[in-house]
Amino acid sequence: MATLAARSIPGPKVFPLLGWRSNLVKAFYTPFFYLPWLHKTYGNIATLAAGNLTYVVVFGPENNFKVLSNPDCFEVTKGTILERMPADSAFSRMMLRNVAMERGKEHRRLRRLMQPAFHRKMLTCYHHNMVEMTQYVLERWETQNEFELNQEMKRITLRIIIKALFGLYDERELERISTTIFQLNKAVPLALILPVNLPGTPYHQTLRLGEELEQFFLKLIEQKRSQTEATDVLAALIHAHDEDGSFLSEDELLSNTASLFLAGFETTMTSLTWVLFLLHQHPHILSDLLDELEGILQGNAPTPEQIAQMPLLDGVIKESLRLLPPGSVGARVTMTDCELEGYEIPAGTNILYSQFVTHRMPELYPEPNRFKPERWLTLKRTPYEYLPFGAGQHMCIGAGFAIYEMKIILSVLLQRYRLQFVPGTQVEPKVRMQPKYRLQVKAVPQDRRFERVPVRGRILELVDISDHEM
Ligand code: HEM
């Protein structure tokens, strides 16, 4: 087939000074507003700036399949931030040698070594801690008048991931390290824009916070080496070895420990926040879900067997991850000249694809903006049509862990409390689907007095919370 010249891929006109950069910021910070517009305006392929090939964006299941299942053509990108950080910095050491960043043979080797720690069988080992940590945080709600929902989800998921990954945690150390991570998340995008290593700059801060985190992980690894009977993920990684007897190197151990930790809690925390938000905007669904939970669990936490027996809970989580996926946009880079939508794309081009846009295609999901968990009772979709955890070689290693954890937290929480949102709360997602504004809620003992509290903000452009429920 004759391919078209890539230069003719359509895209928005931009101011020459900023070029594609301003649109890249939009694509990553507010993908849910910018990418649907790009798709609607230009179709299944577009550049971020007319005539410029630095970033090409593709849409739809066929393109997701091409980009995610053919590593000879499309591979994970190391990211601009890593290119700009000194190779011998703690930040680079933590970010570079892990399963999310490695390609080809190295990636397959790391997956092989790490997979057993995330095997379905292993989830039951983490089960008790997940229940205990959830109950520990929920206990505090008895005496708290009002709180910010996302922060409380952080409290639960952070404790669960630390326990599951490292088998230990110290409450004060935990607060300190979560602050470091949040500061780092803030500093990194700014460091990209201003890569200047002077005291006080975000770049300098990124390097310093990276050192702090590295010390934290190195200490954990050292402590873990001295424990012989541990059953956590880190212990499994330390003892994992290949058929030829080779173990993970020190650098790989550090980098993978860091990446699992960083990948593991923010995504789950945000997902839980949106599930709870969506449920409280749809009182009938919440009521049906509570019927299911109480019918099976009778007020108790679920057993590992019961986790798989709650179809509505399953649908609620799936539907929430469809509508508001924390990973709304993903990136790859072309390893060689490749074809997409009839255009020849040169090697070295950055390719973006979007879970968010795919999940809203009406031909795949009728009434795409509505929260309809029951659709999952009959609906089957391929991994490239429904991909909140990505697809292909780099699909999320913790997907099973995250779903299992969310099911435990939701079933314990909802049987115990009813959440009341403050009327008129402004709701909008920002980068990585984090809520932009505080989601202030009150927890009262579960009394089934479900009622939709009206909210305002751009969430109403993303979810159709109209009168279907009234
Ligand atoms: C709801 C929660 C989660 C969501 C939405 C999520 C989403 C994703 C997505 C979209 C990817 C693919 C990235 C790509 O293809 O470039 C990914 C990869 C990954 N996730 Fe998750 N994730 C979640 C929870 C977790 C948890 C709990 C862990 C570990 C404890 C984890 C560890 C990882 C790792 C290590 C990778 C890289 C895998 C590879 O490159 O082979 N994630 N995740």
Side-chain angles (χ1 to χ4, degrees), residues 28 31 64-65 67-71 74-79 94-115 117-119 122-123 126 129-130 153-154 156-158 160-166 232-234 236-237 252 255-275 317-318 320-333 350-356 358-359 383-384 386-410 429 432-434:
F28 276 103
N64 295 340
F65 174 73
V67 168
L68 295 174
S69 70
N70 182 0
F74 305 94
E75 256 298 1
V76 287
T77 149
K78 303 275 173 190
M94 277 189 298
M95 299 301 161
L96 269 179
R97 301 290 311 277
N98 61 59
V99 70
M101 287 290 173
E102 291 289 7
R103 298 168 174 173
K105 226 171 102 200
E106 257 320 293
H107 174 252
R108 286 195 294 280
R109 178 177 153 266
L110 286 178
R111 278 295 283 221
R112 214 169 37 243
L113 287 170
M114 294 171 72
Q115 204 80 54
F118 292 94
H119 193 273
M122 284 300 286
L123 295 178
Y126 313 134
N129 282 330
M130 289 182 181
M153 291 306 108
K154 182 182 103 181
I156 302 180
T157 52
L158 196 56
I160 288 180
I161 197 80
I162 290 256
K163 262 286 201 187
L165 289 182
F166 311 126
D232 48 80
V233 176
L234 182 54
L237 294 185
E252 285 171 339
S255 189
N256 283 296
T257 308
S259 77
L260 285 175
F261 182 65
L262 297 177
F265 87 92
E266 193 190 272
T267 41
T268 319
M269 133 191 158
T270 319
S271 306
L272 279 165
T273 297
W274 291 117
V275 173
I317 293 173
K318 275 205 180 105
S320 181
L321 287 171
R322 177 187 74 79
L323 272 175
L324 301 168
S328 294
V329 56
R332 291 292 186 266
V333 63
N350 294 293
I351 308 289
L352 302 182
Y353 64 95
S354 172
Q355 290 95 327
F356 184 87
T358 308
H359 289 179
Y384 301 92
Y386 179 71
L387 59 168
F389 294 102
Q393 286 75 8
H394 283 272
M395 188 187 159
C396 180
I397 204 169
F401 182 100
I403 300 270
Y404 194 93
E405 174 184 0
M406 286 169 73
K407 285 185 175 174
I408 290 189
I409 296 171
L410 289 168
R432 298 190 306 279
M433 208 47 93
Q434 290 289 312

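First listed ligand is number 1; within each ligand, the first listed atom is number 1. All residue numbers in this chain count up from 1 along the given sequence. Because the structure is predicted, anything quoted here is derived from the model rather than measured.
- The two residues F74 and V67 make their nearest non-hydrogen contact at CB-O, 3.2 Å.
- Applying the 4.0 Å criterion to heavy atoms of Y353 picks out, from ligand 1, the atoms 15 (O).
- Side-chain contact between L96 and S255: absent, with no pair of heavy atoms (C-beta onward) separated by less than 4.5 Å.
- Between the side chains of S328 and Q355, no donor N or O sits under 3.5 Å from an acceptor N or O.
- R111 has no carboxylate O lying under 4.0 Å from a charged side-chain N of E106, or vice versa, which leaves the two without a salt bridge.
- Closest of all the heavy-atom pairs between L272 and M153 is CB-SD, 3.8 Å.
- Listing protein N, O or S atoms at distances below 2.8 Å from atom 21 (Fe) of ligand 1, with waters left out, gives C396 SG.
- For atom 7 (C) of ligand 1, the closest non-hydrogen atom on the protein side is P388 O, 3.7 Å.
- In terms of protein heavy atoms, atom 37 (C) of ligand 1 is closest to A100 CB, 3.7 Å.
- N129 places no side-chain N or O within 3.5 Å of a backbone atom of Y126 that could act as its donor or acceptor partner.
- Here H107 has side-chain heavy atoms under 4.0 Å from ligand 1, and that is the only part of it that gets that close.
- Between the side chain of W274 and the backbone N or O of P326, no donor-acceptor pair lies under 3.5 Å.
- Using a distance-only test at 3.5 Å, with no hydrogens or angles considered, no donor-acceptor pair links the side chain of R332 to the main chain of T77.
- Put simply, the side chain of F265 does not reach to within 4.5 Å of the side chain of I160, judged on heavy atoms.
- When non-hydrogen atoms are compared, ligand 1 lies under 4.0 Å from neither the backbone nor the side chain of F265.
- For N256 (side chain) and V99 (main-chain N/O), a donor-acceptor pair under 3.5 Å exists by modelled atom type.
- Nearest protein neighbour of atom 1 (C) of ligand 1, counting heavy atoms only, is S271 OG, 3.3 Å.
- Of the N or O atoms in V99, one or more lie within a sub-3.5 Å distance of an N or O in ligand 1.
- Protein heavy atom at the shortest distance from atom 30 (C) of ligand 1 is I161 CD1, 3.6 Å.
- Of the protein's non-hydrogen atoms, H394 O, 4.2 Å is the one closest to atom 13 (C) of ligand 1.
- Checked against a 3.5 angstrom limit, the closest N/O atoms of Q355 and ligand 1 fall outside it.
- Within the 4.5 Å cutoff, no side-chain heavy atoms of P383 are placed close to those of F65.
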Sequence neighbours left out, cut at 3.5 Å: what donor-acceptor pairs do the side chains of residues 388-410 make with other protein atoms?
residue	atom	partner	partner atom	Å
H394	ND1	H107	NE2	3.2
Y404	OH	H127	ND1	2.7
K407	NZ	D314	OD1	2.7

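- Atom CZ of residue F166 and atom CG of residue L234 lie 6.5 Å apart, to the nearest 0.5 angstrom.
- For R111, a nitrogen or oxygen atom sits less than 3.5 Å from a nitrogen or oxygen atom of ligand 1, counting backbone and side chain alike.
- Residue R332 places at least one N or O, backbone or side chain, under 3.5 Å from an N or O of ligand 1.
- Near F401, meaning under 4.0 Å from any of its heavy atoms, are these atoms of ligand 1: 27 (C).
- No heavy atom of F261 sits closer than 4.0 Å to any atom of ligand 1.
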